[in-house]
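A quick write-up on the structure given underneath.
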Protein chains: 2
Amino acid sequence: MKYIEKLRNSGLRPTKQRLQICEVLFNTEKTFHFTINELNQKIKRQINNKISLATIYNTVHAFEKKGYLKQIPINSNQTYFDTNVSHHHHFYDLKDEKLIDLENSDVGPINILKKINGKKIKSVEVLVKLED
Amino acid sequence: MKYIEKLRNSGLRPTKQRLQICEVLFNTEKTFHFTINELNQKIKRQINNKISLATIYNTVHAFEKKGYLKQIPINSNQTYFDTNVSHHHHFYDLKDEKLIDLENSDVGPINILKKINGKKIKSVEVLVKLED
DNA sequence: TTCGTAGTTTATAATGATTCTAAATAGGTG
DNA sequence: CACCTATTTAGAATCATTATAAACTACGAA
């Protein structure tokens, strides 16, 4: 299994549940956006197996801490995650409530002119809201 | 009262509660960021009067719909609002969990090169995460 | 291989923000 | 004033997320 090393290298034991979640999240050409609830549905369908919601929350948060997933800053009642952890941005379609990737190369360079004393910039994220 | 017309013009009846909330939100030099919970505390202190939480939620959402308040896109368990409705951006201090305004003029022009068919750009918001 | 221990998983309860409900109250118009 | 509708309210309901505590598992050491 190709995910065993990945997990071990981050200090996460490669358990059955984590490997199955890896399959669902990373064993695909495309990256995608999801909520915990959507992921739960996808696991049930794809792995044909139920993993406890608590485990899914734990695992997603562990993966996020290790940099395998990114949280997307958006106002929603649910938290959105992204399997694309490269530096990029998002469109948010207000009508369809859908996220669309906006690659870094599709946004001109962003220059933050203001500095905050004693703080470093960790990330710069752009959210472009779309309407019809 | 200077807020009566403002409310009436948006089709909102100028009730005692709404006027008091206006006082707390807009009767100040400075704009600020708040959660519903923080607003509730501020009302209790400043107006020395309790307004039902349901009313505060209703009013804040009504004001947001009318463009008197803006929701700030950020991942938090609580929703943040901003009394500064001009086009601007935010720093988010990850350690202190505090928002700081980033004026439009402090960010170079942002050029979105990708277009989505049939959709117009409604807003472009930048979130700059800060660490120590 | 077996053991021991710390890491994981799980069902379920708890939490906390937000929304809903239904009854009481208040604005505004005739 | 009289009426009708918008608004307020306390409290219940909802829903995502987190905590709990018991059962289970990975894995290094003996």
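Every chain is numbered from 1 and lettered A, B, ... according to where its sequence line falls, protein lines coming before strand lines.
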Taking the cut-offs as 6.0 angstrom to the six-membered ring centre and 45 degrees off its axis, would you call Lys122(B) and Tyr92(A) a cation-pi pair? no

Expected list for residues 68-81 of chain B near DNA chain C, using heavy atoms below 4.0 Å, is Asn77(B), Gln78(B), Thr79(B)

Are Asn84(B) and Ser86(B) close enough that a side-chain donor and a side-chain acceptor fall under 3.5 Å? yes

With nearest nucleotide decided by heavy atoms, which residue, Ile36(B) or Arg8(B), maps closer to the 5′ end of DNA chain C? Ile36(B)

Are side-chain heavy atoms of Asn111(B) and Val107(A) found at a separation under 4.5 Å? no

Where is the tightest heavy-atom contact between Pro14(B) and Leu7(B), given as atom of each residue plus distance? CA-CD1, 3.7 Å

Do we see a donor-acceptor contact under 3.5 Å between the side chains of Lys2(A) and Asn27(A)? yes

pair Ile72(A)-His90(A): side-chain heavy atoms closer than 4.5 Å: yes

Rounded to whole Å, how long is the line connecting atom OH of Tyr57(A) with atom P of dT20(D)? 17 Å

Between His33(A) and Asp101(A), do the side chains contain an N or O donor and an N or O acceptor separated by less than 3.5 Å? yes

Among side-chain atoms of Gln20(B) and Asn49(B), is any donor-acceptor pair under 3.5 angstrom? yes

Test: ring-ring contact (aromatic ring centres under 6.0 Å, His included). Region: residues 34-55 of chain B. Which pairs qualify, not counting sequence neighbours? Phe32(B)-Phe34(B), Phe34(B)-Phe81(B)

Where chain B begins and ends its contact with DNA chain C, read 5' to 3' at 4.0 Å from heavy atoms: dA17(C) to dG28(C)

Salt bridge (Lys or Arg N to Asp or Glu O under 4.0 Å) contacts touching residues 73-93 of chain A (sequence neighbours left out): Asp93(A)-Lys119(B)

Pairing of DNA chain C as dot-bracket, 5' to 3': ( ) intra-strand, [ ] crossing, | other strand, . unpaired, with Watson-Crick or G-U pairs under 3.5 Å? ||||||||||||||||||||||||||||||

With no hydrogens and no angle check, do the side chains of Asn104(B) and His88(B) hold a donor and an acceptor under 3.5 Å apart? no

Is any side-chain heavy atom of Asp106(B) closer than 4.5 Å to one of Ile112(A)? no

Look at the aromatic rings of His89(B) and His87(B) and report parallel, tilted or perpendicular, splitting at 30° and 60°. perpendicular

Might you list the N or O atoms of the protein lying below 3.5 Å from N or O atoms in nucleotides 3-13 of chain D, with each pair's distance?
{"from": "dA6(D)", "atom 1": "O4'", "to": "Arg13(B)", "atom 2": "NH1", "distance (Å)": "3.3"}
{"from": "dT7(D)", "atom 1": "OP1", "to": "Arg13(B)", "atom 2": "N", "distance (Å)": "3.4"}
{"from": "dT7(D)", "atom 1": "OP1", "to": "Arg18(B)", "atom 2": "NH1", "distance (Å)": "2.7"}
{"from": "dT7(D)", "atom 1": "OP1", "to": "Arg18(B)", "atom 2": "NH2", "distance (Å)": "3.3"}
{"from": "dT8(D)", "atom 1": "OP1", "to": "Thr15(B)", "atom 2": "OG1", "distance (Å)": "2.5"}
{"from": "dT8(D)", "atom 1": "O3'", "to": "Gln17(B)", "atom 2": "NE2", "distance (Å)": "2.7"}
{"from": "dT9(D)", "atom 1": "OP1", "to": "Gln17(B)", "atom 2": "NE2", "distance (Å)": "3.2"}
{"from": "dT9(D)", "atom 1": "OP2", "to": "Ser52(B)", "atom 2": "N", "distance (Å)": "3.2"}
{"from": "dT9(D)", "atom 1": "OP2", "to": "Thr55(B)", "atom 2": "OG1", "distance (Å)": "2.8"}

